[in-house]
Q: 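One structure is given below, represented as structure tokens, and several questions about it will come after.
Worth saying up front: this structure is predicted, and the values here are computed from it rather than measured.
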Amino acid sequence: MEGMLEYRGTHSRPPDTDTSPWLRLAAPLQSCGRAGDLRLGRRLHARLVLSGAAAASAFLTNHLITMYSHCADVTSALRLFHAMPRPNLVSWTTLISGLAQNSMHADALAAFASMRRAGLAPTQFALSSAARAAAALAAPRPGAQLHCIGVRLGFDSELFVASNLADMYSKSGLLAEACRVFDPMPHKDAVAWTAMIDGYAKNGSLEEAARSFRDMKREGLVRADQHVFCSVLSASGWLKDGWLGRTIHCSVMKAGFDREAAVRNALTDMYAKAADMEDAARVLKVDPEGWTVVSATSLIDGYIETDRVEDALRTFIELRRQGVEPNEFTFSSMIKGCAMQALLEQGAQLHAQVIKTSIISDSFVGSTLLDMYACSHAGLVDQGLKYFNSMKDAHGIEPKEEHYSCIIDMYGRAGRLDEAEKFIHEMPVKPNAYGWCSLLGACRMRGNKELGEVAAQNIMELEPDNTGVHVSLSGIYASLGQWEDVKAIRKLMRDSRIKKLPGFSWVDANNKTHVFASEDWSHPQQEKIYKKLEELYERIKEEGYVPDTRFLPCNLEDAAKERILRYHSERIAVAFALISMPATKPIIVKKNLRICVDCHSALKFIAKSHHLSP
DNA sequence: GTAGGGTTAG
């Protein structure tokens with residue numbers, strides 16, 4: 001600011017070309033933009049106007065546009081741009097990047113198109129900003145056009161252009177295209193690697209994300225930074241691979257990023273997702289900065305997922321004690337926990353707390369609340385309905401498909417199938433497959449064949465590849481003893497070449513993943529596993545476990561049915577984990593199919609008798 | 001003079 005004073009009263013005519021005196025005027029604008037100080041920026045602008053310098057110099061106007069963009073005042077940036085008689089290449093480039101920086105991505109793409117219509121060939125700066133906008137929009141069609149322009153102009157392997165193009169493809173889910181841009185890049189930096197690692201992770205290709213991270217380390221040309229670590233930690237969390245996560249935690253510490261808030265959040269979340277709650281809590285405990293709502297929510301959600309609602313509640317209280325406001329993520333986790341444990345009072349209390357905040361207008365929290373009323377107890381249907389009816393008027397939530405599905409589920413669980421059917425007919429939208437699946441599940445529990453068939457028919461139309469629907473339907477017939485219908489379904493499946501997906505279970509033990517199928521005795525330790533399973537079986541039977549053979553679609557003696565259930569893959573996997581791992585380690589079984597009713601019950605007994613969380 | 005990436009639910 002002081003520097004500006006000396007320019008005061010400079011009334012000489014500005015030169016036609018952008019020469020050095022104007023360069024000196026630009027410096028204060030630049031630092032102002034970097035600091036995001038809009039007030040100071042406006043004062044500098046006013047002085048430049050008074051001095052007559054700004055209007056005459058495209059150079060200074062470009063700097064002003066940059067300054068306003070950095071200070072998030074896009075309106076002023078646009079006003080300056082539109083007042084320019086002849087915006088030059090830099091003006092356009094600055095505008096496009098300013099729009100992209102301020103999340104006006106569609107406008108950034110439109111500006112890029114206007115620039116080309118104005119007859120200017122884009123610079124690599126303009127191209128990379130436009131690609132960034134296309135990435136943020138996950139818009140592969142305009143993105144691919146940008147890619148073509150880049151190829152034509154020879155910019156397509158420039159660091160910034162290529163990274164943003166790769167990011168654009170990966171955010172659009174086109175990982176193969178992203179690789180085609182990324183692989184031949186002559187120089188890759190941490191940003192480029194983040195685009196790939198995060199692209200894989202967000203598209204569910206978790207192994208690929210981890211492999212990409214290893215590739216980066218193997219090449220040894222780029223050091224991982226906090227962004228890379230966040231992305232790969234997120235992937236290892238979803239992989240539920242605590243061992244990989246722990247290895248990365250070591251690298252994080254070595255690289256000195258363990259004080260970085262976002263990295264700590266990612267670390268907490270990784271451990272929580274891997275069900276390693278002690279380490280998740282430890283990351284927060286040693287945090288000198290105190291908790292963030294993100295990391296505490298990850299911890300809370302981890303406790304909920306491992307059935308430790310008391311610990312979640314304790315964490316929730318501690319969070320408030322620290323003066324951190326819970327957000328919609330925190331509340332939905334807590335409410336989910338109450339639903340799972342049928343903690344009606346706590347659930348209602350949370351509902352009351354949420355009503356006092358703007359979080360109540362969050363559509364997702366809305367579904368979670370409905371889920372809670374649906375799960376917990378038949379008596380709460382009316383409370384759930386009351387809330388559902390108030391969503392729109394009192395809380396400004398327009399009920400969506402997911403909310404209607406919750407109500408179907410709510411009626412179904414309460415056994416009020418007629419009302420569920422009536423509700424479906426009166427809904428303003430048609431139920432989605434999820435809604436019909438809820439209904440089918442309820443019909444199975446209540447042995448309602450007619451309505452179950454309607455639901456199944458609708459699911460088959462909406463999701464022709466859904467093989468589970470046949471299994472559920474034959475479960476209904478089986479529970480009613482209608483073996484002819486069971487046979488008919490089998491024939492239908494044969495004729496339409498639908499195969500029941502075989503169920504598999506994966507479990508990690510000693511840094512190795514083991515896979516099991518049903519009645520699968522191919523594992524080298526089969527004898528020990530079998531013995532353990534028998535032992536578990538005796539024990540839980542003593543503790544009150546009764547096999548539930550109702551839905552098994554085979555017309556066999558009970559003893560034979562029991563035998564089939566007894567060797568479902570998840571039980572073999574758990575028995576194997578119990579004999580191969582120390583008792584303190586969490587056992588995480590990954591499955592390709594939904595767990596069956598009986599395994600769910602048996603595993604709960606096993607967990608209880610081992611003092612584990614299910 | 002102008003430019004890019006990351007963490008929490010379903």
Q: With no hydrogens and no angle check, do the side chains of A:Gln226 and A:Arg259 hold a donor and an acceptor under 3.5 Å apart?
A: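 No, A:Arg259 and A:Gln226 have no side-chain donor paired with an acceptor closer than 3.5 Å.
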
Q: Any idea which of B:dT7, B:dA3, B:dG5 is nearest the A:Asp167 side chain?
A: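 That would be B:dG5.
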
Q: Examine distances only and state if a side-chain atom of A:His403 and a backbone atom of A:Ser363 form a donor-acceptor pair shorter than 3.5 Å.
A: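 Pair found, side chain donor or acceptor close to backbone of A:Ser363.
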
Q: Are A:Ser298 and A:Asp301 linked by a side-chain donor-acceptor pair shorter than 3.5 Å?
A: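 Not at all, the side chains of A:Ser298 and A:Asp301 share no donor-acceptor pair under 3.5 Å.
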
Q: Where the side chain of A:Val90 is concerned, which of B:dT2, B:dG10, B:dG4 is the nearest nucleotide?
A: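 Among B:dT2, B:dG10, B:dG4, the one nearest the side chain of A:Val90 is B:dT2.
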
Q: Between A:Lys202 and A:Glu208, does at least one N-O distance fall below 4.0 Å, as a salt bridge requires?
A: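 No, A:Lys202 and A:Glu208 are not salt-bridged.
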
Q: Over 60° means perpendicular and under 30° means parallel, so classify the ring planes of A:Tyr373 and A:His351, tilted if in between.
A: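 The arrangement is tilted - the two ring planes meet at 30° to 60°.
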
Q: So, is A:Arg132 close to the B:dA3 phosphate, meaning a side-chain N or O under 4.0 Å from OP1 or OP2?
A: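 Result: no.
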
Q: Quick one, A:Asp279 with A:Arg246, criterion salt bridge (Lys or Arg N to Asp or Glu O under 4.0 Å). Give me CA distance, side-chain angles, the key distance, then yes/no.
A: CA-CA 10 Å; A:Asp279 282 319; A:Arg246 198 175 296 276; 3.0 Å; yes

Q: Hey, does A:Lys202 reach any base, or is it just sugar-phosphate, or nothing, if we go heavy atoms under 4.0 Å?
A: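 If one applies the 4.0 Å heavy-atom cut-off, A:Lys202 turns out to touch the sugar-phosphate alone, with no base involved.
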
Q: Using a distance-only test with no angle check, is there a side-chain donor-acceptor pair under 3.5 angstrom linking A:Asn62 and A:Ser91?
A: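 Yes, a side-chain donor-acceptor pair sits under 3.5 Å.
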
Q: Would you mind telling me which of B:dT8, B:dT7, B:dG5 lies closest to the side-chain atoms of A:Cys230?
A: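 Of the options given, the side chain of A:Cys230 lies nearest B:dT7.
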
Q: Of the candidate nucleotides B:dA9, B:dT8, B:dG6, which contains the atom at the shortest distance from the side chain of A:Ser298?
A: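 Nearest listed nucleotide: B:dT8.
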
Q: Closest to the A:Asn265 side chain: B:dT8, B:dT2, B:dT7?
A: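 So the side chain of A:Asn265 is nearest to B:dT7.
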
Q: For A:Asp156 and B:dA3, give me the distance from atom CG to atom C1', rounded to whole Å.
A: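 Between C1' of B:dA3 and CG of A:Asp156: 17 Å.
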
Q: Rounded to the nearest Å, what distance is computed from the CG atom of residue A:Asp225 to the C1' atom of nucleotide B:dG6?
A: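 So the two atoms are 8 Å apart, to the nearest Å.
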
Q: What is the separation between atom CZ on A:Phe229 and atom P on B:dG6, rounded to the nearest whole Å?
A: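 Taking atom P of B:dG6 as the reference, CZ of A:Phe229 is at 17 Å.
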
Q: Closest approach to the side chain of A:Asp301, judged atom by atom: which nucleotide of B:dG6, B:dA9, B:dG4 is it?
A: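 Shortest atom-to-atom distance from the side chain points to B:dA9.
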
Q: I need the residues from residues 233-247 of chain A with at least one non-hydrogen atom less than 4.0 Å from DNA chain B; give them sorted by number, or say none.
A: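 Here the set is A:Ser234, A:Trp238.
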
Q: Answer yes or no: does a side-chain N or O of A:Gln101 lie under 4.0 Å from OP1 or OP2 of B:dA3?
A: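 It does, given that an N or O in the side chain of A:Gln101 lies less than 4.0 Å from OP1 or OP2 of B:dA3.
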
Q: Can you measure A:Asp258 atom CG to B:dT7 atom C1' for me and round it to whole angstrom units?
A: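 It is 15 Å, rounded to the nearest whole Å.
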
Q: Could you check whether A:Ala100 gets within reach of a base, just the sugar-phosphate, or nothing at all, counting any heavy atom under 4.0 Å?
A: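 Answer is nothing: A:Ala100 stays at 4.0 Å or more from every strand.
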
Q: Report which part of the nucleic acid A:Val263 touches: base, sugar-phosphate, or nothing (heavy-atom distance under 4.0 Å, all strands).
A: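 Base contact - A:Val263 has a heavy atom under 4.0 Å of at least one base atom.
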
Q: Taking CD1 from A:Ile65 and P from B:dA3, how many angstroms apart are they, rounded to a whole number?
A: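 Result: 12 Å.
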
Q: B:dG10 phosphate, OP1 or OP2: any side-chain N/O from A:Ser367 under 4.0 angstrom?
A: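 No.
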
Q: So does A:Ser163 reach the base of B:dG4 with its side chain, donor to acceptor, closer than 3.5 Å?
A: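 Indeed there is one.
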
Q: Contact class for A:Lys273 vs. all strands (heavy atom < 4.0 Å): base, sugar-phosphate, or nothing?
A: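 Touches sugar-phosphate only.
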
Q: Separation of A:Met168 atom CE from B:dG5 atom P, in whole Å?
A: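 My rounded result for the distance is 14 Å.
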
Q: For the OG atom of A:Ser333 and the CG atom of A:Asn327, what is their distance to the nearest 0.5 Å?
A: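 The CG atom of A:Asn327 is 9.5 Å from OG of A:Ser333, to the nearest 0.5 Å.
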
Q: Side chain of A:Glu305: nearest nucleotide among B:dT7, B:dG10, B:dG5?
A: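 Nearest listed nucleotide: B:dG10.
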
Q: Taking only the side-chain nitrogens and oxygens of A:Gln30, find out if one of them lies under 4.0 Å from OP1 or OP2 of B:dT2.
A: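 The answer is yes; a side-chain N or O of A:Gln30 sits under 4.0 Å from OP1 or OP2.
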
Q: Quick one: which of B:dT2, B:dT7, B:dG1 gets closest to the side chain of A:Phe125?
A: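 The answer is B:dT2.
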
Q: A:Val191 side chain: which of B:dG6, B:dG1, B:dG4 is closest?
A: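 Of the options given, the side chain of A:Val191 lies nearest B:dG4.
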
Q: Which listed nucleotide (B:dG4, B:dT8, B:dG6) is nearest to the side chain of A:Val294?
A: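 Looking only at side-chain atoms, A:Val294 lies closest to B:dT8.
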
Q: B:dA9, OP1 or OP2 - any side-chain N/O from A:Lys336 closer than 4.0 Å?
A: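 Indeed not, no polar side-chain atom of A:Lys336 lies that close.
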
Q: Roughly, in whole Å, what's the span from OH in A:Tyr434 to P in B:dG10?
A: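 It works out to 11 Å between those atoms.
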
Q: Just how far is it from atom SG of A:Cys338 to atom CG of A:Leu350, taken to the nearest 0.5 Å?
A: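 That separation rounds to 5.0 Å.
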
Q: What does A:Leu159 touch in the nucleic acid at a heavy-atom separation under 4.0 angstrom: a base, only the sugar-phosphate, or nothing?
A: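 The residue A:Leu159 makes base contact.
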
Q: Rounded to whole Å, please give me the gap between CG in A:Leu95 and C1' in B:dG1.
A: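 Nearest whole value for this atom pair: 15 Å.
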
